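A, B, ... follow the sequence lines: proteins, then strands. Residue 1 opens every chain. Side chains are part of it too, since the values below use all heavy atoms of this structure and drop only hydrogens, waters and symmetry mates. On a predicted model such as this, the values are computed, not experimentally measured, just so you know.
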Amino acid sequence: MEITQLIREQVVKAVDQLYSHTVDTSSLLVSPTRKEFEGDYTLVVFPFTKAAKKGPADIAKEIGDFLTSEVKEITGYNIIKGFLNLNVVNAYWSKYLNDLYHQEDFGQHAPNGRKVIVEYSSPNTNKPLHLGHMRNILLGWASSKIIAKAGNEVIKTQIINDRGIHICKSMIAWQLYGNGETPETNGTKGDHLVGKYYVEFNKKDKEQSAILPKEQESEIMLQARELLKKWEANDPATIEMWKTMNGWVYAGFNQTYENLGVTFDVVYYESETYLLGKDIIIKGLENGVFYQKEDGSVWIDLEDVKLDHKLVLRSDGTSVYMTQDIGTAKKRYEDYQMDGMTYVVGDEQNYHFKALFEILKKLKEPFAENLHHLSYGMVNLPHGKMKSREGTVVDADDLIKEVIGEVEQESKERGELDASEEEKQDIWRIVGLGALKYHLLKVNPKKPMVFDPKESVDLQGQTGPYIQYAYVRIQGILRKLDEEVNFEHVVNYQEIEPQEKHVLLLLQQYPGIIQRAANNFDPSEIAHYCYDVASAFHKFLHDVQVLTANTSEAKAFRLMLCKTTGNILKSAFALLGIEMPKRM
RNA sequence: GGUCCAGUAGCUCAGCUGGAUAGAGCAACAGACUUCUAAUCUGUAGGUCCCAGGUUCGAAUCCUGGCUGGAUCACCA
């Protein structure tokens with residue numbers, strides 16, 4: 001059993017016996033003792049003053065005496081103000097390490113029978129992915145891994161916004177100015193090529209609009225609208241061009257996804273789902289969930305949940321965004337019978353998702369009680385917002401290439417790496433991506449973040465490479481190990497150093513951290529945990545000798561600690577979608 | 001105007017259901033490589049936790065009011 005749980009249970013018993021007062025284990029505050037004080041775990045006793053009718057110091061003493069006599073793992077205590085600092089016997093820690101070492105896939109929670117869909121990325125097909133998408137994609141990937149680790153079955157999906165006026169804009173510009181250019185003929189990645197014509201469209205549109213009255217739309221805009229009409233009428237030539245250009249974009253997206261190491265279990269296309277949902281509206285109209293205005297438009301009243309009236313069907317009977325989302329959710333339920341769903345979407349859509357979830361509740365969909373919007377803040381650059389029109393967008397592919405290049409250069413300056421050219425390339429890729437991903441994931445999702453490209457390739461301090469380096473040092477030690485080590489006596493090892501205990505204390509928290517990160521939909525908690533572990537480990541490695549330890553028992557204990565730390569760091573980084581290099 | 005989110009060191013961020021003297025990293029300065037990889041470690045300096053009230057033994061954290069920045073409230077997606 002985890003020691004904090006044991007302490008909690010015994011404190012409950014103590015309070016009951018001493019003061020005839022019942023407390024709940026979960027309400028107790030037991031936390032690792034702050035490093036400036038002596039002890040391993042601290043109990044805050046202030047909350048008992050009322051029930052005990054005594055001062056905190058007396059209560060701490062009585063509970064401390066109770067615990068030391070009743071719990072063999074507790075060997076002593078000290079009291080500072082209302083804080084009871086407990087000492088845990090060293091044997092507990094060595095036994096705990098031994099258990100951890102032999103446990104397979106530590107941190108994985110038992111299956112809870114729940115199935116969850118995580119939707120993320122969901123790009124438009126008219127331009128390449130940029131930094132904002134990257135935050136989305138990394139958050140989506142990490143949270144689906146974390147949710148799965150917490151015991152849920154997870155289905156990862158994206159909905160591709162492959163139809164609409166935006167893609168028609170790229171299409172018309174390509175038709176007018178492209179001269180039949182393809183990714184093959186000019187060697188450009190497909191999404192970038194299509195994006196180029198989207199930019200071209202905007203340029204022409206601006207030029208043409210400049211000489212027209214305010215209200216009047218440009219020639220090229222009218223042409224794009226014409227194209228959308230043709231698409232909706234299933235015009236063969238238009239559909240053909242649409243398929244071709246989207247195909248280019250998908251090839252490009254897939255390459256970026258592959259570079260980022262992310263996958264999807266199922267992909268939905270808006271062109272196939274945008275008509276869904278109407279029948280649900282009609283049915284909901286019949287049983288009074290929705291109401292119809294005189295012009296024929298259909299609405300829902302969400303004032304009871306402090307939202308507005310929301311349109312769900314236009315007066316001409318066509319669907320809106322909300323209609324589609326209702327339909328898509330329902331379709332997913334038909335496909336997978338999920339218990340809940342998580343949408344990874346920027347916080348500018350908070351209102352939309354609140355409304356969507358309320359509507360699904362009113363429709364009494366079986367999954368409606370477990371919907372979550374993983375809402376994340378905008379990614380800003382040091383000098384302000386990203387704006388495509390001003391050319392200040394950070395392209396995902398460029399960024400990936402850049403960080404890997406930086407790492408390569410830095411690595412070369414640090415001296416020759418003992419590895420083949422191929423291995424080196426792989427190391428630089430892992431470290432570069434590690435830096436970038438960690439940089440984006442360490443920030444709490446709901447906070448808007450400032451992305452400084454220079455800082456994203458930092459290799460020192462609270463960064464991905466710092467954590468990877470801890471893993472690399474462990475591998476180095478294991479490589480140097482040239483004799484058999486007898487791990488049998490680790491269970492009884494007594495001479496535990498504070499640095500070692502600190503690492504162990506953190507390792508013990510791993511399953512709990514996973515649970516919390518899953519509950520909060522917050523990968524940054526994993527990121528910070530990894531840093532804490534790596535930091536404690538670097539300190540341990542600096543202060544304590546492993547291979548040249550004084551006794552064989554100490555050596556075995558420390559090696560076991562190294563291996564276990566390495567496994568947990570690798571496991572936790574995998575949750576963030578970050579690989580570990582063997583050397584760097 | 002309504003709603004939501006954010007505001008903590010020069011910068012980027014932590015701070016769990018309210019708990020000890022508010023913590024890290026970067027940048028600055030000063031140290032530690034003949035040693036398991038110094039992509040590391042140690043130290044110095046840096047704070048009106050946006051402001052004002054309130055609740056509490058105790059508030060960065062909870063409540064109320066305000067300030068600043070952002071988003072949103074479309075028969076757009």
- Query: Is A:N85 touching bases, backbone alone, or none of the nucleic acid, heavy atoms closer than 4.0 Å?
  - Reply: base
- Could you check if the base of B:C73 is syn or anti? Syn means the glycosidic torsion is within 90 degrees of 0. anti
- Between the side-chain atoms of A:R516 and the base atoms of B:C16, is any donor-acceptor pair under 3.5 Å? yes
- Item | Ion pair check, A:D58 and A:K61, cut-off under 4.0 Å | no
- Task: Name the nucleic acid region contacted by A:V443, choosing base, sugar-phosphate or nothing; use a 4.0 angstrom heavy-atom cut-off, strictly under.
- Result: sugar-phosphate
- Query: Below 4.0 angstrom from OP1 or OP2 of B:G23, is there any side-chain N or O of A:K35?
  - Reply: no
- Query: Looking just at side-chain N and O atoms, do A:D325 and A:H352 make a donor-acceptor pair shorter than 3.5 Å?
  - Reply: yes
- Between B:C41, B:A20, B:U40, which nucleotide gets closest to the side-chain atoms of A:K539? B:C41
- Query: How many Å lie between CZ on A:F83 and P on B:G19, as a whole number?
  - Reply: 9 Å
What pairs of donor and acceptor atoms, side-chain ones from residues 447-461 of chain A against any protein atom, are under 3.5 angstrom apart with sequence neighbours left out?
unit_1, atom_1, unit_2, atom_2, d
A:D452, OD1, A:K454, N, 3.0
A:S456, OG, A:P453, O, 2.7

- Task: Give one of base, sugar-phosphate or nothing for A:I165, where a contact means two heavy atoms less than 4.0 Å apart.
- Result: nothing
- Would one find more than 12 heavy atoms of other residues, nucleotides or ligands at under 6.0 Å from atom NZ of A:K501? yes
- Is A:K354 salt-bridged to A:E358, going by a charged N under 4.0 Å from an acidic O? no
- If you check every side-chain atom of A:M584, which of B:G7, B:A20, B:A39 has the closest atom? B:A39
- Query: Under 4.0 Å between a side-chain N/O of A:K81 and OP1 or OP2 of B:G19, yes or no?
  - Reply: no
- Between A:F573 and A:Y438, what is the ring plane arrangement, given parallel below 30°, perpendicular above 60°, and tilted in between? tilted
- Task: Could you tell me how the ring of A:F201 sits relative to the ring of A:Y198: parallel (under 30°), tilted (30 to 60°) or perpendicular (over 60°)?
- Result: parallel
- Determine which nucleotide pairs with B:A28, using a 3.5 Å limit on both distances of a Watson-Crick or G-U wobble pair. B:U44
- Query: Salt bridge check: are A:K54 and A:E62 linked by an N-O gap of less than 4.0 Å?
  - Reply: yes
- Task: Take atom CD of A:E38 as the centre, draw a 6.0 Å sphere, and report whether it contains more than 12 heavy atoms from other residues, nucleotides or ligands.
- Result: no
- How far does the C1' atom of B:U8 sit from the matching atom of B:U55, given to the nearest Å? 23 Å
Could you list the protein-to-nucleotides 25-27 of chain B atom pairs, N/O on both sides, closer than 3.5 Å?
unit_1, atom_1, unit_2, atom_2, d
B:G25, O2', A:Q462, N, 3.1

- Query: Of all the choices, B:A39, B:A14, B:A20, which nucleotide is nearest to the side chain of A:N444 once you look at every atom?
  - Reply: B:A14
Provide a list of protein-nucleic acid N or O atom pairs under 3.5 angstrom, restricted to nucleotides 71-74 of chain B.
unit_1, atom_1, unit_2, atom_2, d
B:A71, OP1, A:K385, NZ, 2.5
B:C73, O2', A:D308, OD2, 3.0

- Message: Using whole Å, what does the distance between atom P of nucleotide B:C16 and atom CD of A:Q515 come to?
- Response: 18 Å
- Query: Expressed in whole Å, how much space separates the P atoms belonging to B:G7 and B:A14?
  - Reply: 8 Å
- Might you work through the ring pair (Phe, Tyr, Trp, His ring centres under 6.0 Å) test for A:F521 and A:H372, ending with a clear yes or no? CA-CA 9 Å; A:F521 298 89; A:H372 190 262; 3.6 Å; yes
- Message: For the P atoms, the ones on B:G10 and on B:C73, what distance do you get once it is rounded to whole angstrom?
- Response: 37 Å
- Task: Give a yes/no verdict on base stacking between B:A39 and A:Y466: centres under 5.5 Å, planes within less than 30° of parallel.
- Result: no
Which donor-acceptor pairs under 3.5 Å do side chains of residues 546-554 of chain A form with protein atoms, sequence neighbours excluded?
unit_1, atom_1, unit_2, atom_2, d
A:T548, OG1, A:Q545, OE1, 2.7
A:T551, OG1, A:A554, N, 2.9

- Item | Base-pairing mate for B:C16 - Watson-Crick or G-U, with both contacts under 3.5 Å | none
- Task: Provide the Watson-Crick or G-U wobble partner of B:U34, both distances under 3.5 Å; none if there is no partner.
- Result: none
- Starting at CG of A:L459 and ending at C1' of B:A39, how long is that distance when rounded to a whole Å? 6 Å
- Task: Both distances under 3.5 Å, Watson-Crick or G-U wobble: report the partner of B:G1, or none.
- Result: B:C73
- Message: Surrounding NZ of A:K570 (heavy atoms of other residues, nucleotides or ligands, distance under 6.0 Å), is the total greater than 12?
- Response: no
- Item | Base-pairing mate for B:A22 - Watson-Crick or G-U, with both contacts under 3.5 Å | none
- Task: Determine the Euclidean distance between corresponding C1' atoms of B:G25 and B:A45; express it in Å to zero decimal places.
- Result: 16 Å
- Item | Nearest-Å distance once atom P is located in both B:A24 and B:G46 | 15 Å
- Query: Choosing from B:U12, B:A22, B:U40, which nucleotide comes nearest the side chain of A:R34?
  - Reply: B:A22
- Query: For A:Y19, which residues count as a ring pair (Phe, Tyr, Trp, His ring centres under 6.0 Å) partner, sequence neighbours excluded?
  - Reply: none
- Message: Can you work out whether A:V431 or A:E525 has the more 5'-proximal nearest nucleotide on RNA chain B?
- Response: A:E525
- Item | Of A:Y321 and A:F451, the one whose closest RNA chain B nucleotide lies more 5' | A:F451
- Message: I'd like the C1' distance from B:A60 over to B:A9, given in whole Å.
- Response: 14 Å
- Query: Does a nitrogen or oxygen in the side chain of A:R473 sit under 4.0 Å from OP1 or OP2 of B:A38?
  - Reply: yes
- Message: Say we look at B:G18 and B:C57: how far apart would their C1' atoms be, to the nearest angstrom?
- Response: 12 Å
- Note on the structure: Considering only heavy side-chain atoms of A:R314, the closest of B:C36, B:A77, B:U3 is B:A77
Expected rows: protein N/O vs nucleotides 54-63 of chain B N/O, under 3.5 Å:
none

- In terms of side-chain heavy atoms of A:F37, which of B:A20, B:U42, B:A6 is nearest? B:A20
- P-based separation of B:U56 from B:U61 [nearest Å]: 16 Å
- Query: Do A:Y268 and A:E119 have side-chain heavy atoms sitting under 4.5 Å apart?
  - Reply: no
- Side chain of A:H528 only, please: which of B:A39, B:C5, B:C13 is the nearest? B:C13
